[in-house]
Asker: 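Would you mind keeping the following structure in view while I ask a few things?
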Amino acid sequence: MASLPRVLLSTSSFSHCYCPQLTTISSLKLNPQPPTTTRRRRRFSVFAMAESNRTTVLVTGAGGRTGQIVYKKLKERSGEYIARGLVRSEESKEKIGGADDVFIGDITKADSIVPAIEGIDALVILTSAVPKMKPGFDPSKGGRPEFYFEEGANPEQVDWEGQKNQIDAAKAVGVKQIVLVGSMGGTDINHPLNSLGNGNILVWKRKAEQYLADSGIPYTIIRAGGLQDKEGGVRELLIGKDDELLQTETRTIARADVAEVCIQALQIEEAKCKALDLASKPEGTGTPTTDFKTLFSQVTTRF
């Protein structure tokens, strides 16, 4: 059964259908209520209005190293966001706290992700196929390790079909924005990442990005450089296009910084309908980025 979009009531909507002052006066004249009942109604009204002003955001791939950070950051900003996560297994769910707002689903099976997506306002896609090293590699003997993708989890299935399923499901419920995190290198068919397990991972990622850009949904595509497990918020972020940053010495970025850019993209108009490459200067050089509106304003590319 097709999902129905959730209708959010704005503060202005409440002013037309509910007026605490008039209700209280009417109650005193026509149907006196104990003060505690009135207070309860007021508290409920304030709570309902606060709920309507928050953005419900689903993070897919929430069990991954970057996805975990995005999910955690959203939870920390509970005044602005209602966080949800989507993971592949019960083990991944427990790894990020096991809360009821974490759903288990397989993005390659469209029906399994519907419960997580129903009722959301925005989607952050952080799913990706992960190559595995074939056993038996001995670095002491030289040569290069060989890689493979698990059955049912190759880049075509995960990075193309799985992301397409997410975009289609999000469009069906009327999301206001999708943030998609990919990788730099997609302009080069001979990029080394494409040869891992013969998966052409960047080719399939690029196809999903194009599908999103053509979907009609406001989007932000973030093509991150080499991801590092380092502290965020202490480096100057760099914006690029068409893999130009790969020709420089600044080709990496902390996962925590990617996570912050994802969340900032949800609230800054200048981030919408744009695609960008993202890296950072080394820590200790430049000025740590805090003005994200200016950062997104530098982006001129829609794809």
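These numbers were taken from a predicted model, which means no experiment stands behind them.
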Asker: Minimum heavy-atom separation for R144 and F137, please, with both atom names.
Answerer: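 It is C-CE1, 3.5 Å.
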
Asker: Write down the atom of A208, the atom of Q163, and the distance for their closest heavy-atom approach.
Answerer: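 Taking every non-hydrogen atom into account, CB-OE1, 3.2 Å.
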
Asker: Test side chain to side chain donor-acceptor pair (under 3.5 Å) on E270 and S297 and set out the steps.
Answerer: CA-CA 6 Å; E270 284 78 4; S297 295; 4.7 Å; no

Asker: Is the side chain of T108 donor-acceptor paired with the backbone N or O of G162 at a distance under 3.5 Å, no angle test?
Answerer: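 Pair absent, no side-chain N/O of T108 close to backbone of G162.
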
Asker: Please check this pair: side chain of T220 against backbone of A271, looking for a donor-acceptor N/O pair closer than 3.5 Å.
Answerer: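 Between the backbone of A271 and the side chain of T220 there is a qualifying donor-acceptor contact (under 3.5 Å).
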
Asker: With a 4.5 Å cut-off on side-chain heavy atoms, are I253 and L227 touching?
Answerer: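 Yes; the side chains approach each other to less than 4.5 Å.
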
Asker: Could you check whether R77 pairs with E260 (Lys NZ or Arg NE/NH1/NH2 to Asp/Glu carboxylate O, under 4.0 Å)?
Answerer: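 Looking at E260 together with R77, the answer is yes, because their closest N to O distance falls below 4.0 Å.
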
Asker: Between K205 and D159, does any side-chain N to carboxylate O distance fall below 4.0 Å?
Answerer: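 Here K205 pairs with D159 in a salt bridge, since their nearest N and O are under 4.0 Å apart.
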
Asker: Can you give me the closest heavy-atom contact between L123 and A170, atom names plus distance?
Answerer: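 Reported closest heavy-atom pair: CD2-CB, 3.9 Å.
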
Asker: Enter the distance from K293:NZ to E269:CD here, rounded to the nearest 0.5 Å.
Answerer: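 Between K293 NZ and E269 CD, I get 9.5 Å after rounding to 0.5 Å.
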
Asker: Is a donor on one side and an acceptor on the other found under 3.5 Å between the side chain of R235 and the backbone of G232?
Answerer: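 Not a single qualifying donor-acceptor pair exists.
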
Asker: Using modelled atom types only, decide if a donor and an acceptor are shared between the side chain of Q228 and the backbone of A254 within a distance under 3.5 Å.
Answerer: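 Not confirmed, Q228 side chain does not pair with A254 backbone.
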
Asker: Is the shortest distance from a Lys or Arg side-chain nitrogen in E209 or R223 to a carboxylate oxygen in the other one below 4.0 Å?
Answerer: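 Result for this pair is yes, salt bridge flagged.
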
Asker: For the backbone of S92 and the side chain of S89, can you confirm whether one donor and one acceptor N or O come within less than 3.5 Å of each other?
Answerer: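 Yes, the answer is positive, given that a donor and an acceptor are paired below the 3.5 Å cut-off.
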
Asker: Could K164 and E161 be called an ion pair, given the rule that one side-chain N must be under 4.0 Å from one carboxylate O?
Answerer: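 Here K164 does not pair with E161 in a salt bridge, since their nearest N and O are not under 4.0 Å apart.
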
Asker: Should T66 and V181 count as side-chain neighbours, where that means a heavy-atom distance under 4.5 Å?
Answerer: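 A side-chain contact under 4.5 Å is absent here.
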
Asker: On a heavy-atom basis, which atom in G233 and which in P288 lie closest, and how many Å separate them?
Answerer: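 Taking every non-hydrogen atom into account, O-CB, 3.7 Å.
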
Asker: Kindly give the heavy-atom pair with the smallest separation between N154 and A129, and that separation in Å.
Answerer: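 Taking N154 first and A129 second, the nearest heavy atoms are C-CB, 4.0 Å.
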
Asker: Using only atom types and a distance under 3.5 Å, with no angle test, would you say the side chain of K95 pairs donor to acceptor with the backbone of G63?
Answerer: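 Pair found, side chain donor or acceptor close to backbone of G63.
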
Asker: Hey, is the main chain of G105 close enough, under 3.5 Å, to the side chain of K109 for a donor-acceptor pair?
Answerer: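 Flag not set: sc K109 to bb G105 has no pair under 3.5 Å.
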
Asker: Determine whether R88 and D106 make a side-chain contact, defined as any pair of heavy atoms from C-beta on separated by less than 4.5 Å.
Answerer: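 Side-chain contact under 4.5 Å: no.
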
Asker: To the nearest 0.5 angstrom, please state how far the CG atom of D242 sits from the CE atom of M184.
Answerer: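 Atom-to-atom, D242:CG and M184:CE are 12.0 Å apart.
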
Asker: So, the side chain of T187 versus the backbone of D243: is there a donor-acceptor pair under 3.5 Å, distance only?
Answerer: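 Here the side-chain-to-backbone pair does not exist.
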
Asker: Could you tell me whether R54 and E80 have a side-chain N and a carboxylate O separated by less than 4.0 Å?
Answerer: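 Not counted as a salt bridge, because no side-chain N and carboxylate O are separated by less than 4.0 Å.
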
Asker: Any chance you could lay out the side chain to side chain donor-acceptor pair (under 3.5 Å) test for D121 and Y81, step after step, and finish with the verdict?
Answerer: CA-CA 10 Å; D121 302 306; Y81 301 104; over 6 Å; no

Asker: Tell me which one of D100, T56, L74 satisfies side chain to side chain contact (heavy atoms under 4.5 Å, CB included) with R84.
Answerer: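 When D100, T56, L74 are each tested with R84, the side chain to side chain contact (heavy atoms under 4.5 Å, CB included) holds only for T56.
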
Asker: Show the numbers, then the answer: is there a side chain to side chain contact (heavy atoms under 4.5 Å, CB included) between K93 and I104?
Answerer: CA-CA 7 Å; K93 177 174 178 173; I104 298 174; 4.3 Å; yes

Asker: With heavy-atom distances below 4.5 Å as the criterion, would you say the side chains of L237 and S280 are in contact?
Answerer: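 Side chain of L237 against side chain of S280, heavy atoms only: contact under 4.5 Å found.
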
Asker: Should K75 and D101 count as an ion pair when the cut-off is N to O under 4.0 Å?
Answerer: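 Looking at K75 and D101, the cut-off is met.
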
Asker: Is there a donor-acceptor pair under 3.5 Å between the side chain of N165 and the backbone N or O of I107?
Answerer: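 Flag set: sc N165 to bb I107 pair under 3.5 Å.
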
Asker: Where the side chain of N200 meets the backbone of V203, is there a donor-acceptor pair that is under 3.5 Å apart?
Answerer: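 Not a single qualifying donor-acceptor pair exists.
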
